[in-house]
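Data first, discussion second: the structure below is written as structure tokens.
Both counts, for ligands and for their atoms, begin at 1 and track the order of listing.
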Amino acid sequence: MAKPAIKVYVQHHGNMMCDYRWLLVNAEWMQSKSNQQPQSQWGPCPTHTVVVDHPDGRLLFDTTCPRDWEQHWTGAAAKNWFPYEDVTPEQYFEERLKQLKLDPSDFKYVALSHLHLDHAGNIKAFKNTDARILVHRKEYQGAISIPGEVQGFHLKKDYMVDGLRWVQLSEDTEILEGVRLFEAPGHTWGTMCLMVDLPNTGTMIFTSDAAYMRESYGPPPVGAARLNSVERIRGFASMRDATIIFGHDPKQIKEIRLAPEAFYD
Ligand SMILES: [Zn+2]
């Protein structure tokens, strides 16, 4: 049977800024006897979302940071450590959807890799729509159970919003024919990756924060990457000779096809 005609749009929403030492370990970045003042590793940390156009419905993977991050992230350490300030007006989430002539009501599914504030920042746009909001059960249960309003990068007001149709997944799941979410925990309780089988491109895997960048992926996995989950991604990727798109890779984002002009099919 022919594979369904799927198109994948990768939307770049500009960059947070951060010290890469949060994400990677690199010996040259460390203070040592011969390197007393290691250089700053401050640089862009891109954020993207993925639109999957499928004959049986449209799926969005992740929702990036909100336009009003400066107010919205008050009290969250990310405001200082990962400020979302390298962004142009046309890169904001709502604007990118408009460039594809889309509106939140056009989505059947919104799949969340996890509920950190740079991935869950625009879930509220799907309030009172028919979109099913897909998240791993462990992620949802962990995130609603944090003490207080914010813990690390989990910010309750991102996801504790009325009028959302949550669906909690508890295992690898094929959402639409050729479109799967698979478990890759470690970055958070229930981090999931997206895998899409395309007729021309072949399989694409979107790792989200199970692997921040190519350097995190290795082999061997580096920095905050979680070994078991990275090896799980590598297993799927080598079996299917997949194209891997990393969660926050400042080099890769410049090399891939970006919406609205370009897509993968
Ligand atoms: Zn992230």
Side-chain angles (χ1 to χ4, degrees), residues 10-25 41-51 60-67 69-70 72-73 76-87 91-93 96 110-124 133-136 138-140 142-143 146 150-159 181-194 205-217 221-226 229-230 232-233 244-254 256 258:
V10 183
Q11 306 187 104
H12 180 208
H13 300 289
N15 311 306
M16 297 174 281
M17 297 297 292
C18 76
D19 187 321
Y20 295 137
R21 285 173 287 197
W22 285 110
L23 310 178
L24 291 174
V25 175
Q41 297 300 327
W42 188 253
C45 177
T47 169
H48 66 258
T49 63
V50 184
V51 173
L60 174 72
F61 184 60
D62 280 345
T63 69
T64 191
C65 311
R67 187 193 282 253
W69 66 278
E70 270 193 284
H72 193 75
W73 290 359
K79 190 178 168 180
N80 186 37
W81 295 112
F82 286 76
Y84 181 43
E85 57 190 17
D86 182 18
V87 52
Q91 291 178 317
Y92 287 118
F93 178 71
R96 283 293 190 222
V110 177
L112 299 162
S113 64
H114 62 303
L115 294 174
H116 275 174
L117 47 72
D118 57 319
H119 298 260
N122 291 291
I123 304 178
K124 55 186 176 291
I133 315 290
L134 312 178
V135 68
H136 198 284
K138 288 181 181 165
E139 185 69 18
Y140 188 77
I146 60 169
V150 54
Q151 178 179 278
F153 279 55
H154 283 101
L155 187 56
K156 269 189 189 155
K157 61 184 170 185
D158 280 337
Y159 46 84
L181 294 170
F182 68 84
E183 298 176 317
H187 173 68
T188 62
W189 306 285
T191 300
M192 289 191 297
C193 304
L194 172 69
I205 295 176
F206 295 87
T207 67
S208 183
D209 292 357
Y212 297 122
M213 20 184 136
R214 185 164 294 288
E215 288 102 314
S216 324
Y217 185 66
V222 169
R226 298 308 197 281
S229 287
V230 174
R232 187 143 209 263
I233 296 168
I244 306 175
I245 307 292
F246 299 102
H248 297 286
D249 191 322
K251 293 189 196 100
Q252 187 183 44
I253 198 80
K254 295 180 179 168
I256 63 177
L258 292 173

Rounded to the nearest 0.5 angstrom, the CG-SG distance for D86 and C18 is 11.5 Å
Got a second to check how far M17's CE is from W81's CH2, nearest 0.5 Å? 14.5 Å
Do you see an N/O/S atom of H119, backbone or side chain, under 2.8 Å from the Zn ion (ligand 1)? yes
Under 2.8 Å from the Zn ion (ligand 1), is there an N/O/S atom belonging to H248? yes
The atom name of the N, O or S atom in D209 nearest to the Zn ion (ligand 1) is OD2
Can you tell me which N/O/S atom of D118 has the shortest distance to the Zn ion (ligand 1)? OD2
Just by distance, no angles: are the side chains of T49 and T64 close enough, under 3.5 Å, to form a donor-acceptor pair? no
Do the ring planes of H248 and Y212 sit parallel (below 30°), tilted (30 to 60°) or perpendicular (above 60°)? tilted
